[in-house]
Amino acid sequence: MATTRIVLDQLPPAARTAVEEHTGPLLTVEEATEGFNSEIAARVTSAAGTWHVKGLRTDHPRAWTQHREATVAPFLTGLAPSLRWHVETAGWDLLGFEALTGHHAVYAPGSPDLPEVASLLRRLGDAPCPGIELRRAEQRLERYAVHPDDLHFFAGPHLLHTDLNNTNVLVDDDAPAGERARLVDWAWATRGAAWLDAGYWVIWLIASGHTPASAEHRAAEIPSWHTAPAEGITAFAAANANVWSEISSADPDPWTQRLAAAATAWHVHRSGG
């Protein structure tokens, strides 16, 4: 479920002071409207520059996501915004990221952003997986796999993002072609089979108007997709149909229901239904 959002001005004075030790006195604060996982999400500007700030209380049930993002950030050069500073004080955990320019990726059929997202996923596939604590894909999908034997398809040594929501992909049209897209929100960074992020993208593509076949055609632009056994892709589609069924039942918003319908459509397609 979405986390209740508060504004930066509601931070304890000590936390605000700690932020301004890195930024200098803030001149503008633009609260973000997207995102579900942060209590604080804002674009802040001072005389020294601009940052994207994310924050949670240190006693929040998902406070671990802040530490995950801080830990993985140094290994994401060229893939994600750089982490400029990390503040933990006065009961708050706050991350200050490089403020990217650009727009949220458009996944609709024919969008010029699609080749850029494919390029991003190819670059991610070439990135080494750091030797840090990460969740494992087979563990995350353990409760959702149709058969326990399916879990070995999802295991692997590769760094994954796993949340290909189009709002997590920023596209800068002024950057060189093939290098325009960046991934934000790495809270669910995972270690697993190289092709899984392409699979997660398939679900979001279907939810954006692609047929399952055309979505898989897009996924095939990522080399790691071709390393996936057909039965592994089918097992992954089935597991994610279960994931999104659970999410949409617990939190029946239009967007969760749209993703559940997309995941089910893919599962039916893969099952020959």
Side-chain angles (χ1 to χ4, degrees), residues 1-7 31-41 54-69 72 93 95 104-105 107 133-148 150-151 153-155 160-169 183-193 196-210 212 215 232-271 273:
M1 295 179 66
T3 296
T4 302
R5 188 66 58 77
I6 73 167
V7 298
E31 305 294 338
T33 57
E34 296 87 7
F36 303 98
N37 297 320
S38 299
E39 292 176 290
I40 293 283
K54 297 179 65 174
L56 286 171
R57 291 177 177 88
T58 53
D59 62 356
H60 191 281
R62 287 202 298 271
W64 62 268
T65 63
Q66 293 283 110
H67 293 280
R68 176 66 45 77
E69 290 213 62
V72 75
D93 190 308
L95 302 173
H104 296 301
Y107 286 171
E133 182 181 356
L134 292 171
R135 293 194 172 192
R136 300 206 311 268
E138 67 274 22
Q139 290 176 321
R140 287 183 54 190
L141 292 170
E142 185 173 12
R143 291 196 302 114
Y144 305 101
V146 175
H147 304 291
D150 292 342
L151 294 172
F153 292 124
F154 315 142
L160 306 169
H161 182 277
T162 75
D163 186 1
L164 272 291
N165 186 329
N166 70 296
T167 63
N168 285 338
V169 182
L183 272 166
V184 303
D185 196 352
W186 284 80
W188 292 96
T190 296
R191 182 178 286 107
L196 293 188
D197 270 335
Y200 284 113
W201 191 33
V202 165
I203 299 168
W204 284 93
L205 290 173
I206 297 170
S208 300
H210 295 255
I233 297 173
T234 300
F236 184 72
N240 277 279
N242 291 334
V243 168
W244 283 106
S245 175
E246 179 179 282
I247 292 172
S248 64
S249 296
D251 189 15
D253 289 334
W255 79 270
T256 62
Q257 294 174 338
R258 179 167 57 92
L259 267 294
T264 297
W266 191 29
H267 171 45
V268 170
H269 170 76
R270 292 297 310 183
S271 301

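Owing to the predicted nature of the structure, the values given are computational and were not obtained by experimental measurement.
Taken to the nearest 0.5 Å, the CD atom of E69 stands 7.0 Å off from the OG atom of S38. Between atom OG1 of residue T234 and atom CH2 of residue W266 there is a gap of 8.5 Å, rounded to the nearest 0.5 Å. Distance CZ/R258 to CH2/W204: 6.0 Å, rounded to 0.5 Å. The distance from atom CG of L259 to atom CD1 of I247, rounded to the nearest 0.5 Å, is 8.0 Å. Separating the NE2 atom in H210 from the CH2 atom in W201 is a distance of 7.5 Å, to the nearest 0.5 Å. Atom CG in N168 sits 8.5 Å away from atom NE2 in H104 (nearest 0.5 Å).
Formation of a donor-acceptor pair under 3.5 Å by the H267 side chain with backbone atoms of A239 is not found in this model. With hydrogens and angles disregarded, no donor-acceptor distance shorter than 3.5 Å links the side chain of R62 to the backbone of A187. Put simply, the side chain of N166 gets close to the backbone of A105: a donor and an acceptor are under 3.5 Å apart. Counting only distance, with no hydrogens or angles, the side chain of T256 and the backbone of D251 share a donor-acceptor pair below 3.5 Å.
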Evaluate side-chain contact (heavy atoms from CB on, under 4.5 Å) for D185 paired with K54, printing each intermediate quantity in order.
-> CA-CA 10 Å; D185 196 352; K54 297 179 65 174; 3.5 Å; yes

Apply side-chain contact (heavy atoms from CB on, under 4.5 Å) to L196 and F153, showing your working.
-> CA-CA 10 Å; L196 293 188; F153 292 124; over 6 Å; no

Verify side-chain contact (heavy atoms from CB on, under 4.5 Å) between L183 and V169, making sure each step is shown before the conclusion.
-> CA-CA 5 Å; L183 272 166; V169 182; 3.8 Å; yes

Would you check, one step at a time, whether the test side-chain contact (heavy atoms from CB on, under 4.5 Å) holds for W64 with Q66?
-> CA-CA 5 Å; W64 62 268; Q66 293 283 110; over 6 Å; no

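By the 4.5 Å heavy-atom criterion applied to side chains, Y200 and N240 are counted as neighbours. Side-chain contact between H60 and T65: absent, with no pair of heavy atoms (C-beta onward) separated by less than 4.5 Å. Counting heavy atoms from C-beta on, the side chains of L164 and Y107 come closer than 4.5 Å. Contact annotation: the side chain of F236 never approaches that of I233 to less than 4.5 Å [non-hydrogen atoms, C-beta and beyond]. The shortest side-chain heavy-atom distance between R68 and W186 does not fall under the 4.5 Å cut-off.
None of D163, T162, L134 except one satisfies the side-chain contact (heavy atoms from CB on, under 4.5 Å) rule with T190; the exception is T162.
Heavy atoms of other residues, nucleotides or ligands lying less than 6.0 angstrom from CD of E142 number 12 at most.
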